[in-house]
Amino acid sequence: MQEPSEFHDLSDDSDYAAASQHQASASIMRSDSIKSGVSEPSGSEVIFYKDNVTIHPKQYTSERISGRLRLIKHASDLILTWVPYKPSEIGVDCLGRSDPEASDKDRNLYAIKTSLNDVRSVRRHTPPLGWQYIIVVLSSGLAYPPLYFYSGGIREFITTLKQHVFIIRSSEDPNVFLVNDFQDPLQKSLSSLQLPGFASFKSASFKNSVVSVENSDSDQANGSVHKSSSSEHSLRPTNKNRQGDLSMQVLEKFSLVTRFARETTSSLFKENHGNQYPYDKFLEKQKSAVHNDEGKHEEELTSQDSSSVSSDVLEFDRLPLIWGKQRESPLSVEEWTAFLDNDGRVVDSKALRKRVFYGGVEPELRKEVWKFLLGFYEYHSTYAEREFLFYEKEHEYQTVKKQWQSISSTQAKRFTKFRERKGLIDKDVVRTDRSIPYYEGDENRNVVILRDILLTYSFYNFDLGYCQGMSDLLSPILHVMEDESSAFWCFVALMERLGPNFNRDQSGMHSQLLALSKLVELLDGPLHNYLKQADCLNYFFCFRWILIQFKREFDFDEIMRLWEVLWTHYLSEHFHLYICVAILKRYRKKIIDERMDFDTLLKFINELSGRINLEQSLRDAEALCAIGGENAAALIPPGTPPSLPIETDAGLYMLDDEIL
């Protein structure tokens, strides 16, 4: 099929040269619904379809779900669908590898069906190494998961789009194609904040930008920021640094907020209707106001007056409330000893995790117990094995640390990535928990150790490197361990769970924000209705909570108690999401009564810092977890952080668009 010349501006650049060999098998098709394998409504026409388009539900290339991407013309509407293959269709991919086994429920969880009228932009990614993919961003600022084209076809996909909808390149990023060119309300709200220090971020031009919400390559997401003018500077904090953590503000305001689509495929696979989970009377009552018919596109919410919202709240408040179990005293030395056999093995790890979940750990025990909770020590390890591991890991840590210590100033001049990361770390550590006695004061040795650990981690995990927020996660660990090597390896173990929060495509944050929106929809229907009415369903206002696990919301002692509860994974690996729901539910009446818009809500949530009752939140979250049960758990996409990773040859983190 010959492409009209006017379409060349969309896809004729060198990024697609490697894909030209696939043009012979291009999947631009018309009136081919029989071949597509799915019956279409009368009058529909399949104008494009592509097989072997894949979603990665986890951060590993070996974990994938393949399916068929199609563009369907129906009357005046253009519909984009991606449907996972049925088990009988699953074969081998273009590399001759079979897809991993996955249940129908897991596969159908990611099915996509959306009108192009609801699409804000399409962003293509063509990394020098790896597979090309696109990210479809909706008008709300949310997005579907990346769609990988294993056998090419992005060029044909974009060309077909332009034949049927108005599409232009973004003036800010040639890889972003705007489908509906209007100012996104979220972007307008953020741009109006006029945060100081914008221009200091390398390659970031946010002013008057209409695409920064979609730009997952922004340097602040991968730690690549402006260079330090003096990498040998003292770590002495300045008054300007003490005024607030600007880096976290920028990261919080301008990180992507997307979602993994969980539209049901009942309209595409009618035989799957019987796979839906039955909702009990309590949950149906909460969800009845927010669920539209399955298989249909969600229409824009019409404006409702305050009286209708208030009546929903009153009805919701009449529902029975189940309180979580009363919190217990912390795990004592005597109890901890009773959990160990003569050789030092933990005899009942589940009982231990339950005990910590309900009571936490005595401060003097944290140095030992945290190593088990984080996975640095195995529960079945003996005293002797742990002693051997300690010295072995100490040697390994020093080996990695010497890699960056041996870089001379001459080498550093030619090592841009090292200079940038070191400069960012130097700036962040002097602003991290300096009011805590362990870190306070000028020339504090513990601040230097904090810096050294983060630099060493940036070499240990060079793909991920350093991102703003990591110093917040490391600080309490170093404070407890009081040992550089132990703190490093505990931090490594934590980052295996939370590392996807800092991925360049921000897939980890996307999936958690989507899961949070689904949990609120299930567990607090009136609040969901209001947030939908206020155009706040992207849950961007909860970004900081999730990114650094409530680190800025509680004082230092409380955050240590909270984290050891989360690390047990006792009721759920995603208990932090239930805490988010619990806090929002606690302030639901104020949010609705004051008719908060996005800006007001973001300001209100940030001002909750230091005012949230931790014990109450934990009990409420436990109650919500019990109420939601399997129905709530099913709303969280597989692989959503902080799920423990599965070791693969592909490693924990994939390279994106840049070769370091």
Engineer: Rounded to the nearest 0.5 Å, what's the gap from CD on Q549 to CZ on R497? Could you check?
Structural biologist: 10.0 Å

Engineer: Consider side-chain hydrogen bond (donor to acceptor under 3.5 Å, both in side chains). Of R123, R124, R169, which one does N175 pass it with?
Structural biologist: R124

Engineer: May I ask you to decide if I636's main-chain N or O and T640's side chain share a donor-acceptor pair within less than 3.5 Å?
Structural biologist: no

Engineer: Could you tell me whether the side chains of T600 and D597 share a donor-acceptor contact shorter than 3.5 Å?
Structural biologist: yes

Engineer: If you measure from CD on Q512 to SG on C580, what distance do you get to the nearest 0.5 Å?
Structural biologist: 8.5 Å

Engineer: Do the side chains of I79 and L116 get nearer than 4.5 Å, heavy atoms only?
Structural biologist: no

Engineer: Measure the spacing between CG of D428 and CG of D472 and express it to the nearest 0.5 Å.
Structural biologist: 8.0 Å

Engineer: Take F541 and Y539 through the ring-ring contact (aromatic ring centres under 6.0 Å, His included) test and state the conclusion after the steps.
Structural biologist: CA-CA 5 Å; F541 46 86; Y539 284 83; 5.4 Å; yes

Engineer: Start with the C-alpha gap between I605 and W545, add the side-chain angles, then the distance that decides, and say whether side chain to side chain contact (heavy atoms under 4.5 Å, CB included) holds.
Structural biologist: CA-CA 9 Å; I605 292 297; W545 289 0; 3.4 Å; yes

Engineer: Run the side chain to side chain contact (heavy atoms under 4.5 Å, CB included) check on L424 and E420 step by step: do they pass?
Structural biologist: CA-CA 6 Å; L424 180 57; E420 290 174 345; over 6 Å; no

Engineer: Under the side chain to side chain contact (heavy atoms under 4.5 Å, CB included) criterion, do L161 and F177 qualify, and how do the steps go?
Structural biologist: CA-CA 10 Å; L161 280 182; F177 302 97; over 6 Å; no

Engineer: Report yes or no: is the cationic atom of R68 (NZ for Lys, CZ for Arg) under 6.0 Å from the centre of the six-membered ring of Y49, at an angle within 45° of the ring normal?
Structural biologist: yes

Engineer: Do Y85 and D51 pair up side chain to side chain, a donor and an acceptor below 3.5 Å, judged on atom types alone?
Structural biologist: yes

Engineer: Between H125 and Y133, how do the two ring planes meet: parallel, tilted or perpendicular, split at 30° and 60°?
Structural biologist: parallel

Engineer: Going through the distances and angles, do S115 and D77 end up as a side-chain hydrogen bond (donor to acceptor under 3.5 Å, both in side chains)?
Structural biologist: CA-CA 7 Å; S115 168; D77 196 11; 2.7 Å; yes

Engineer: In the structure I gave you, are the side-chain heavy atoms of V492 and Y460 within less than 4.5 Å of one another anywhere?
Structural biologist: yes

Engineer: With side chains defined as the heavy atoms from C-beta onward, is the minimum distance between N501 and I548 less than 4.5 Å?
Structural biologist: no

Engineer: Which pair of heavy atoms, one from N631 and one from L522, lies closest together, and at what distance?
Structural biologist: C-CD2, 4.1 Å

Engineer: As an exercise, state the distance from CE of M495 to CE of M470, rounded to the nearest 0.5 Å.
Structural biologist: 3.5 Å

Engineer: How about K551 and L473: do any of their side-chain heavy atoms sit closer than 4.5 Å?
Structural biologist: no

Engineer: Once you round to the nearest 0.5 Å, how far does CD1 of I154 lie from OH of Y148?
Structural biologist: 10.5 Å

Engineer: Using the ring centroid of each side chain, check whether Y457 and Y466 are separated by less than 6.0 Å.
Structural biologist: no

Engineer: Could you tell me which residues satisfy ring pair (Phe, Tyr, Trp, His ring centres under 6.0 Å) with Y578, sequence neighbours excluded, listed by chain and number?
Structural biologist: none

Engineer: With rounding to the nearest 0.5 Å, note down the distance linking CD in E521 to CG in L531.
Structural biologist: 11.0 Å

